[in-house]
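Please read the structure below before turning to the comments.
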Amino acid sequence: MVVTVEALFTIVQDLFILPREMVAPIVEGFLEEFKVGLRTPSKGLATMIPSFVTRMPTGNETGTFMSLDLGGTNLRIAAVQLLGDGHVKVSEVKHAITPELRVGTGVAFFDWIADAVQELVLEKARHLFKPDQVSGKETLYLGVCWSFPVDQTAVNHGTILRMGKGIALSDTEGRDLTDMFHEAFDRKGLNVKVNAILNDTVGALVAHAYASPRTRVGFIFATGCNAAYPEKVENIVKLDASVRGQYPAGTEMLLNTEIDIFGNESYLPLNRYDLMLDASHNQPKFQLFEKMMSGAYLGELTRLVALDFIEAGLLFHGDIPKGFEQPWSFPTKYMSALERDATEERHKSLETMMSTYEFDTNPTLEDVSLMTRICRIVSTRSAILCAAAIVALIEQQDLINMSENDIIIGMNGSTYEYYPFMEERVHRALRTWYGYEVSDRIRLEVTHEGGSVGGALIAMLCT
Ligand code: BGC
């Protein structure tokens with residue numbers, strides 16, 4: 001049977017489209033998971049993880065503090081100068097995580113981190129530290145922003161869980177994160193102590209609050225996705241009553257929701273491409289929500305859809321370009337380029353494709369245009385899912401009724417910041433959900449340096 005581009009496109013679009021009535025069960029599902037997570041003790045892979053951070057910055061704090069930010073791609077060690085009035089200056093050492101380090105031993109990994117700390121203190125930012133701190137006579141304190149699940153037991157302690165993002169270190173799972181740092185610092189003769197561990201979402205929330213003290217959500221929309229918000233300690237019933245009792249009534253604690261691991265087949269509208277991606281992943285059934293929407297996965301979803309168009313003879317003359325058959329061979333940054341190029345002549349994307357894959361017959365501008373349309377449906381769904389998570393975080397805190405003020409969300413991450421039109425699409429989805437009046441009160445503000453500034457602020461608040 002001959003199928004036309006438009007007919008197949010309609011079929012695929014139907015699989016990705018998320019009208020309001022399909023978003024509602026997702027928001028309800030998230031709200032239910034918030035409730036369950038608040039009462040389920042954080043053992044092993046958990047959600048709604050208490051950060052033990054109960055203070056937010058005022059914007060007036062000053063001083064120089066050190067932070068470490070480990071994400072899926074880079075390690076950054078920073079000396080952060082808090083200048084007051086919401087201003088900061090960051091001097092940092094940044095290193096990419098090499099393929100060898102990703103699958104090596106914990107000891108090698110933490111030694112590599114300790115070397116980078118030494119590089120910052122002895123070289124890059126030496127002038128920012130006191131001579132006694134540089135010589136090791138005086139202890140330097142470090143706030144660690146760790147963008148991986150941790151079973152946090154205190155503000156400066158937590159058990160390392162499964163890491164994800166392509167990092168699988170031996171001899172780390174189940175170990176205390178702070179101990180692993182301190183052992184490496186000892187091996188290198190460094191007088192450095194970790195005094196706070198925080199998830200990147202908590203970092204984004206605190207960092208944004210330094211500039212904008214009414215911030216109520218820290219949202220990361222990058223390679224992975226996740227969010228943090230302040231919850232009343234009395235609602236975090238998973239904490240022992242004795243722990244809850246230590247805080248004055250009404251105290252709020254920042255919670256790392258780990259919304260990335262929320263969701264199951266019962267309320268996430270997983271389509272056949274989501275299921276194919278999950279089945280081919282080295283951690284199936286893990287982070288189902290994140291796999292539908294974050295930067296690590298959008299390219300692969302697009303590739304899987306494109307393969308169906310190729311098979312139907314509608315794309316690339318019906319031949320799979322050599323290299324394109326490889327899972328994960330189509331990175332999300334190519335999608336960004338395609339969507340960005342759409343306003344130009346699309347030649348640049350054509351060139352990129354031709355230099356990446358081997359074509360028997362050269363692709364045409366029509367091929368590029370069809371690829372761009374596929375990217376658009378995959379990324380638009382991602383924006384709607386991001387909005388659904390934001391809606392759930394707003395509802396959980398009753399922010400619309402709590403005050404007349406604008407609702408401030410600190411947004412951080414490459415997918416949100418650099419994917420073309422992503423910001424607008426997330427806004428549009430919020431407008432579809434709430435209507436103009438309410439959605440105009442929601443301010444999605446980009447927060448920069450969430451990890452380093454957030455880490456430094458928490459190190460300071462905890463010293
Ligand atoms: C991790 C979270 C992190 C998020 C954003 C997820 O894959 O599990 O801990 O906050 O990515 O970086």
Side-chain angles (χ1 to χ4, degrees), residues 3-34 217 219 221 225 227 259-260 262-278 287-295 297-302 304-306 308-309 332 335 338-339 342 370-396 399-400 407 409 411 415-416 419-442 444:
V3 69
T4 64
V5 167
E6 291 316 315
L8 186 53
F9 197 77
T10 307
I11 294 172
V12 170
Q13 200 165 27
D14 280 350
L15 294 175
F16 280 88
I17 216 153
L18 283 185
R20 201 177 193 287
E21 62 273 18
M22 284 176 78
V23 175
I26 306 175
V27 173
E28 277 157 33
F30 284 170
L31 288 171
E32 188 51 36
E33 295 215 32
F34 287 154
V217 175
F219 201 106
F221 187 10
C225 84
I259 205 164
D260 51 295
F262 278 29
N264 53 49
E265 290 85 345
S266 75
Y267 72 83
L268 285 180
L270 297 159
N271 65 33
R272 60 190 227 87
Y273 300 107
D274 297 310
L275 298 175
M276 276 160 76
L277 181 147
D278 187 49
Q287 296 180 313
L288 284 180
F289 173 63
E290 181 170 291
K291 283 184 183 136
M292 294 175 82
M293 55 82 76
S294 78
Y297 306 103
L298 298 180
E300 178 63 0
L301 286 171
T302 300
L304 292 170
V305 175
D308 277 354
F309 278 87
T332 303
M335 295 174 70
L338 280 163
E339 288 219 49
L370 180 52
M371 283 299 288
T372 308
R373 291 176 70 190
I374 299 172
C375 293
R376 199 174 299 133
I377 50 175
V378 172
S379 64
T380 300
R381 184 186 69 163
S382 158
I384 298 172
L385 290 169
C386 168
I390 293 173
V391 169
L393 288 150
I394 290 176
E395 295 304 317
Q396 173 69 9
L399 294 181
I400 293 165
I407 297 163
I409 318 271
M411 300 289 299
T415 309
Y416 183 73
Y419 195 100
F421 318 116
M422 191 54 94
E423 233 178 294
E424 285 156 61
R425 288 174 186 164
V426 175
H427 259 296
R428 196 186 312 141
L430 287 170
R431 198 176 313 130
T432 307
W433 182 266
Y434 280 123
Y436 277 93
E437 197 183 340
V438 171
S439 69
D440 280 352
R441 282 178 53 202
I442 305 173
L444 305 180

Legend entry - Centroid-centroid distance, F30 to F262, less than 6.0 Å: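 Close enough - the centres of the two rings lie under 6.0 Å apart.
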Inset, instruction - Compute the ring centroids of Y419 and F221, then answer whether they are less than 6.0 Å apart. - result: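 Y419 vs F221: aromatic centres not under 6.0 Å.
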[Y] and [X], any side-chain heavy atoms less than 4.5 Å apart:
X    : Y    : result
F9   : V12  : no
Y297 : Q287 : yes
L444 : E423 : no
I409 : L393 : no
L277 : Y273 : no
R381 : P269 : no
R272 : D308 : yes

What are the two closest non-hydrogen atoms of [X] and [Y], and how far apart are they?
X    : Y    : result
T372 : E339 : CG2-CA, 4.1 Å
G299 : T332 : N-OG1, 3.1 Å
A227 : F219 : CB-CD1, 3.8 Å
L298 : M292 : CD2-O, 4.1 Å
A392 : F34  : O-CE1, 3.5 Å
R441 : L399 : NH2-O, 3.8 Å

Can you tell me how far the [atom1] atom of [X] sits from the [atom2] atom of [Y], to the nearest 0.5 Å?
X    : Y    : atom1 : atom2 : value
L385 : I259 : CG    : CD1   : 10.5 Å
N264 : L288 : CG    : CG    : 7.5 Å
E300 : L304 : CD    : CG    : 4.5 Å
F16  : L301 : CZ    : CG    : 5.5 Å
M422 : Y416 : CE    : OH    : 10.0 Å
L430 : I442 : CG    : CD1   : 5.0 Å

Legend entry - Audit row: E424, R431, salt bridge (Lys or Arg N to Asp or Glu O under 4.0 Å) steps and yes/no: CA-CA 10 Å; E424 285 156 61; R431 198 176 313 130; over 6 Å; no
Give a yes or no on whether the backbone of [Y] and the side-chain of [X] come within a donor-acceptor separation of less than 3.5 Å.
X    : Y    : value
E33  : G263 : yes
R20  : W433 : yes
D274 : N271 : yes
R428 : A383 : no
E290 : C225 : yes

Inset, instruction - Give a yes or no on whether E21 atom CD has more than 12 heavy-atom contacts from other residues, nucleotides or ligands under 6.0 Å away. - result: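 Correct, the count exceeds 12.
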Legend entry - Full working for side chain to side chain contact (heavy atoms under 4.5 Å, CB included) between I384 and M22: CA-CA 10 Å; I384 298 172; M22 284 176 78; over 6 Å; no
